[in-house]
Amino acid sequence: MSQKRRAGTYLWTVMMPSLKYQKGETVMGRWPGSSLYYEVKVLGFDLKSQLYTVIYKDGTELELREQDLKSTSGFQARSRSRSRSPGRRRSRSRSPGRTTRRSSSRTAAAVAAAAITDNAASSRRETRLRDVEVTLSPLPTKTPENNGNNRHEKNEDKLKVENNTANKINESEKKVEAEPEKIQGRYNLRRRKDDGDAKSDEAKVEHPEEKEAKKAAGATFATPLDFGGKIGAYFWLLFLPAWVLFLVLHVNQEDPSLATFPPPLPPLDVFWDAQALSFIILWILFQALLYVTPVGKLSEGMPLRSGERLKYRTNGFFAIVVSAVAVAAAVHYGVDLTYIYSHFLQLATGSFLISFVLSIFLYVYSRYAAPEQLALGGNSGNVVYDFFKGHELNPRIKNFDLKFFCEMRPGLIGWCLINFAMALAEMKKQGLDAPSNSMILVNLFQLLYVVDGLWNEEAILTTMDLMHDGFGFMLAFGDLVWVPFTYTMQAYYLVSHPSPLSVPALTAIVILKLVGFYIFRKSNSEKNAFRRNPSDPKLSYLKTIPTATGKSLLVSGWWGMVRHPNYLGDLLMALAWSLPCGFSHLLPWYYMIYFIILLVHRDSRDMVECRRKYGLAWDEYCRTVRYRIIPHVY
Ligand SMILES: NC(=O)C1=CN([C@@H]2O[C@H](COP(=O)(O)OP(=O)(O)OC[C@H]3O[C@@H](n4cnc5c(N)ncnc54)[C@H](OP(=O)(O)O)[C@@H]3O)[C@@H](O)[C@H]2O)C=CC1
Ligand SMILES: CC(C)CCC[C@@H](C)[C@H]1CC=C2C3=C(CC[C@@]21C)[C@@]1(C)CC[C@H](O)C[C@@H]1CC3
């Protein structure tokens, strides 16, 4: 290591004289996605990428090209002369440009954070941007059709692409200036390192060989551990399957109350049913077939750390429609779907086995992935933790995206199938001609939730799971076991525990569901539309906060109300799913309780991640939008 470190220093002493800016020098660095310059200190220069690592006064570290740096003296002289120009004088006092000139010593992020701007102001900014003779060089966006094919070659490809971008600066200059937000994520920026040695100047100077060695060792940056860290991972690996087992056995009892806790454990051979396992496999294969059917849109995911954007076949709505037709045909030809009710435990066991085997495969597969393909949150180096949390971000076999498929298809559509089977089982068991009102509500509400998710499948690409979480046991189990076999608890409960509803109660529950759904859908769509095209004229009324990454944060509209309006809508919907089951038992309220815990934890995970990504701009957002999920309460 020390030899490598020496190699890095050599790079500085020998190479630096030919470089424009020296290590330790204070210069002006362009703020990504804008025309603003702030004082930065040069920490290092990477020969291979030809990028300077700089640190802003607030500690934000970025990699900038030489064109994005200016010497302090030259900058001040030009700045003064420009400030006399009429165009500059027109700039508004709240504009970032003006703030810069007034106080260049203010920290970059603080200034950016203070600059809550109208989205519409971006067009006004365009005029000012043309005054500044600087361009950022956007990385060409790759949209690989076949991402998982040559896992390592792909990264070499990427390096070539990055090195070529210098030639394209002028070509794309006008577009870049006109759309400072749209190009977000495509600059070659490196996130602020949180690995402890970020303060060491020398550590920033890396010899290319050192980089290669790191690559080979698979050493990339990782975020702090969550879910209780390494010990927590052992706990969750045991607890989650045990909890599903408990729920499935408990709901099957005549009296699923706390008085009958714990439910008796059946003999081991009851768990295993080869036929149930083969049905699960068939279902997954059927869904996989629908997923690869070239029907529907190919949507682009968010830019990855490498700058690439993966493509996803978002034909979820098509998949659920075809599945519904297939199920209706099966029922028509005499298939007894109440098998799902009577073999619930065996089906859950089969799904668990598949999710476990899949998780092992995912972990082994991830060992062959390039460091850039690993999830920051699942790259601790601890096998058990990484197995649980998910080592690789987007494991793919050719075009087949395993995480996206598992999250959106077999479990989610399976949830609706199981609910439908429960309605049939209720009719059979209670001797009814039609399902009860409560069962109909639960079925329709959850069907609406799933269909909406599939209709807006593209919006999933901007969620935490798709963007940040690796694909490992947690999500594989969550998608294939947790969702279909625990989210169906209310329907399962109603099969043997009728809960009649009065018309006013029914009406109130329907209204609650619709209000929740409205908040959920509108807020998710707003964020998704903004992340996809921040300069969308339809969103021009929204106020935003710029951040060091070039991305902005919405600070008005739904995302100005609370920090997670989508969670609020989701929780209201969850309440509407439990209410039809009445208050006789805690079991149908399980989802509501679990969901509060899940979303509160998710919110805190997201807070940590966004704080890490956006620094002071995130703090500013939190100061402006004070409540997390429920306005004035939490
Ligand atoms: N039924 C279920 O079991 C579950 C349902 N859900 C639902 O799925 C949906 C997605 O949830 P989840 O992925 O947790 O969270 P979000 O969809 O809310 O995604 C969080 C991300 O949004 C971006 N963001 C946060 N604040 C802002 C802002 N002010 N302006 C712009 N972007 C912002 C950040 O990413 P960046 O800035 O990098 O774009 C952040 O990391 C939710 O509706 C949730 O209720 C979630 C979990 C389980
Ligand atoms: C087993 C763990 C304790 C928790 C596993 C969590 C997963 C079940 C959920 C994580 C995020 C999810 C999302 C959805 C389903 C549940 C999981 C997979 C949706 C697909 C549900 C439909 C919505 O429209 C979008 C959701 C995105 C997040």
Side-chain angles (χ1 to χ4, degrees), residues 184-185 191 227 236-237 239-241 243-244 302-303 316 355 388 403-404 406-409 411-413 415 446 448-457 459-469 473-487 516-517 519-532 534 539 542-545 547 549-574 577 591 594-595 597-599 601-603 605-614 617-618 621-622 624-625 628-629:
Q184 57 172 324
R191 286 181 202 177
F227 291 93
W236 292 114
L237 280 171
F239 173 78
L240 292 175
W243 182 251
V244 175
M302 290 293 102
S355 71
F388 170 74
K403 182 166 72 171
F404 180 75
C406 288
E407 177 140 341
M408 295 311 292
R409 304 304 171 79
L412 217 54
I413 302 177
W415 174 9
Q446 299 185 351
L448 172 66
Y449 188 68
V450 173
V451 169
D452 166 77
L454 295 170
W455 180 263
N456 296 288
E457 208 172 20
I460 299 298
L461 304 176
T462 56
T463 62
M464 275 165 66
D465 311 65
L466 264 292
M467 289 192 304
H468 310 303
D469 289 342
F473 180 81
M474 186 180 85
L475 275 184
F477 177 83
D479 297 339
L480 301 179
V481 184
W482 194 263
V483 169
F485 294 96
T486 73
Y487 286 24
F517 179 67
I519 299 173
F520 171 82
R521 178 44 42 222
K522 286 286 181 183
S523 54
N524 271 327
S525 298
E526 185 175 89
K527 187 203 60 177
N528 183 52
F530 179 70
R531 277 286 171 256
R532 290 192 170 275
L539 303 175
L542 292 172
K543 287 191 165 59
T544 59
I545 294 180
T547 76
T549 64
K551 276 179 167 183
S552 297
L553 291 165
L554 288 170
V555 76
S556 72
W558 289 103
W559 297 81
M561 191 171 79
V562 282
R563 283 179 229 153
H564 262 119
N566 48 355
Y567 290 2
L568 175 65
D570 222 340
L571 283 169
L572 293 179
M573 287 195 284
W577 299 353
Y591 179 79
Y594 142 79
F595 207 44
I597 299 170
L598 179 95
L599 293 184
H601 178 242
R602 253 174 116 84
D603 171 70
R605 276 209 294 148
D606 198 38
M607 284 283 286
V608 172
E609 174 66 16
C610 288
R611 177 70 184 75
R612 195 182 67 78
K613 268 189 296 192
Y614 301 128
W618 182 255
Y621 174 61
C622 294
T624 314
V625 182
R628 290 164 182 251
I629 301 177

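Throughout, numbering of the chain's residues begins at 1 and tracks the sequence. For clarity, every value in this text was computed on a predicted model and none was experimentally measured. Indexing begins at 1, ligand by ligand and atom by atom, following the structure's order.
Atom 3 (C) of ligand 2 has Leu240 CD2, 3.9 Å as its closest protein atom, hydrogens excluded (heavy atom only). Among all protein heavy atoms, the one lying closest to atom 4 (C) of ligand 2 is Leu598 CD1, 4.1 Å. Atom 5 (C) of ligand 2 has as its closest protein heavy atom Gly478 CA, 3.9 Å. Taking atom 18 (O) of ligand 1 as the reference point, the nearest protein heavy-atom neighbour is Asn566 ND2, 2.8 Å. Among all protein heavy atoms, the one lying closest to atom 22 (C) of ligand 2 is Tyr449 CE2, 3.8 Å. Closest protein heavy atom to atom 8 (O) of ligand 1: Asp570 OD2, 4.6 Å. For atom 6 (C) of ligand 2, the closest non-hydrogen atom of the protein is Tyr594 OH, 4.2 Å. With respect to atom 3 (O) of ligand 1, the closest heavy atom belonging to the protein is Tyr487 OH, 2.5 Å. Atom 39 (O) of ligand 1 has its closest protein heavy atom at Arg531 NE, 2.5 Å. The protein heavy-atom contact nearest to atom 26 (C) of ligand 2 is Ile460 CD1, 4.3 Å. Of the protein's non-hydrogen atoms, Met464 N, 2.7 Å is the one closest to atom 13 (O) of ligand 1. For atom 14 (O) of ligand 1, the closest non-hydrogen atom of the protein is Tyr567 OH, 2.5 Å. Protein heavy atom closest to atom 27 (C) of ligand 2, with residue, atom name and distance, is Glu407 OE2, 3.7 Å.
Using modelled atom types, one side-chain atom of Arg563 and one backbone atom of Val625 make a donor-acceptor pair closer than 3.5 Å. In terms of modelled atom types and a separation under 3.5 Å, the side chain of Ser556 and the main chain of Gly560 share no donor-acceptor contact.
Within the structure, ligand 2 has Val483 among the residues with a heavy atom less than 4.0 angstrom away. Between Met464 and ligand 2 there is no heavy-atom distance shorter than 4.0 Å. Tyr591 counts as a contact of ligand 1, since one of its heavy atoms falls under 4.0 Å from the ligand.
If you look at Asn456 next to ligand 2, there are no close heavy atoms at all, none under 4.0 Å. Contacts with ligand 2 closer than 4.0 Å are made by side-chain heavy atoms of Arg602 only, the backbone lying farther away. Under 4.0 Å from ligand 1, the heavy atoms of Asp606 that appear belong solely to its side chain. When heavy-atom distances to ligand 1 are checked against a 4.0 Å cut-off, Cys610 comes that close only through its side chain, counted from C-beta outward. The proximity of Phe227 to ligand 2, defined as any non-hydrogen pair under 4.0 Å, does not occur for either the backbone or the side chain. Residue-level proximity to ligand 1 for Val625 is absent, since no heavy atom of it falls below 4.0 angstrom. Contacts between Lys527 and ligand 1, counted as non-hydrogen atom pairs separated by less than 4.0 Å, involve the side chain only. Contact annotation for Glu609 and ligand 1: no heavy atom of the residue comes within less than 4.0 Å of the ligand. At a heavy-atom distance under 4.0 Å, no atom of Val450 approaches ligand 2.
Across all non-hydrogen atoms, the minimal contact from Phe530 to Thr544 is CZ-CG2, 3.6 Å. Residues Asp479 and Pro484 share a closest heavy-atom pair of O-CD, 3.4 Å. Leu568 and Ile629 make their closest contact through CB-O, 3.5 Å (heavy atoms, listed as atom of the first residue, atom of the second, distance). For the residue pair Pro565 and Trp558, the shortest heavy atom distance occurs at CG-O, 3.4 Å. What you find for Asp603 and His564 is that their closest heavy atoms are OD1-ND1, 3.1 Å.
The atoms of ligand 1 that sit less than 4.0 Å from any heavy atom of Leu598 are 47 (C), 48 (C). Atoms of ligand 2 found under 4.0 Å from any heavy atom of Phe520, numbered from 1 in the order shown, are 24 (O). Less than 4.0 angstrom separates some heavy atom of Gly453 from each of these atoms of ligand 2: 24 (O). Interface of Met467 with ligand 1, defined as ligand atoms under 4.0 Å from a residue heavy atom, comprises 35 (O), 38 (O), 39 (O). Near Asp479, with a cut-off below 4.0 Å to any heavy atom, the atoms of ligand 2 are 18 (C). Remark: ligand 1 atoms within the under-4.0 Å shell around heavy atoms of Tyr449 are 1 (N), 2 (C), 5 (C). Atom numbering of ligand 1 starts at 1 in the shown order; those under 4.0 Å from a heavy atom of Arg602 are 12 (P), 13 (O), 14 (O), 46 (C), 47 (C). Every atom of ligand 2 with a heavy atom of Met408 under 4.0 Å away is listed here by number and element: 20 (C). Each of the following atoms of ligand 1 lies closer than 4.0 Å to a heavy atom of Thr463: 10 (C), 13 (O). The atoms of ligand 2 that sit less than 4.0 Å from any heavy atom of Asp465 are 10 (C), 11 (C). Annotation for ligand 1: atoms under 4.0 Å from non-hydrogen atoms of Lys613 are 35 (O), 36 (P), 37 (O), 38 (O), 41 (O).
Which of Tyr621, Phe530, Tyr614, Trp618 comes nearest to atom 36 (P) of ligand 1 through a heavy atom is settled by distance: it is Tyr614. Taking all heavy atoms of Phe595, Phe520, Trp482, Trp558 into account, the minimum distance to atom 2 (C) of ligand 1 is reached by Phe595.
Judged purely by distance below 3.5 Å, without hydrogens or angles, the side chains of Asn566 and Ser523 never pair a donor atom with an acceptor atom. Side-chain polar atoms of Trp415 and Gln446 form a donor-acceptor pair below 3.5 angstrom.
Asp570 CG to Leu598 CG: the interatomic distance, rounded to the nearest 0.5 Å, is 9.5 Å. Here NZ of Lys527 is found 4.0 Å from OG1 of Thr462. Values are rounded to the nearest 0.5 Å.
Polar contact check, Trp559 against ligand 1: no nitrogen or oxygen pair lies under 3.5 Å apart. When only interatomic distances are considered, the shortest N/O to N/O separation between Leu554 and ligand 1 falls below 3.5 Å.
At a threshold of 4.0 Å, the pair Arg409-Glu457 counts as salt-bridged, since one of the basic side-chain nitrogens sits closer than that to a carboxylate oxygen. The residues Asp465 and Lys403 are annotated as not salt-bridged, no charged nitrogen and carboxylate oxygen being separated by less than 4.0 angstrom. We find that Arg611 and Asp606 are not joined by a salt bridge, their nearest charged nitrogen and carboxylate oxygen being 4.0 Å or further apart.
Taking a distance limit of 4.0 Å, we find that atom 30 (N) of ligand 1 is approached by some protein heavy atom. Shown here, atom 9 (C) of ligand 2 is out of close reach of the protein: none of its heavy atoms lies under 4.0 Å off. Protein non-hydrogen atoms do reach within 4.0 Å of atom 18 (C) of ligand 2.
The aromatic ring centroids of Tyr614 and Tyr621 lie 6.0 Å or more from each other. The ring of Phe517 has its center no closer than 6.0 angstrom to the ring center of Tyr449. Trp482 has its ring centre no less than 6.0 Å from the ring centre of Trp236.
Classification of the Phe473-Phe388 ring pair by plane angle, with boundaries at 30° and 60°, yields tilted.
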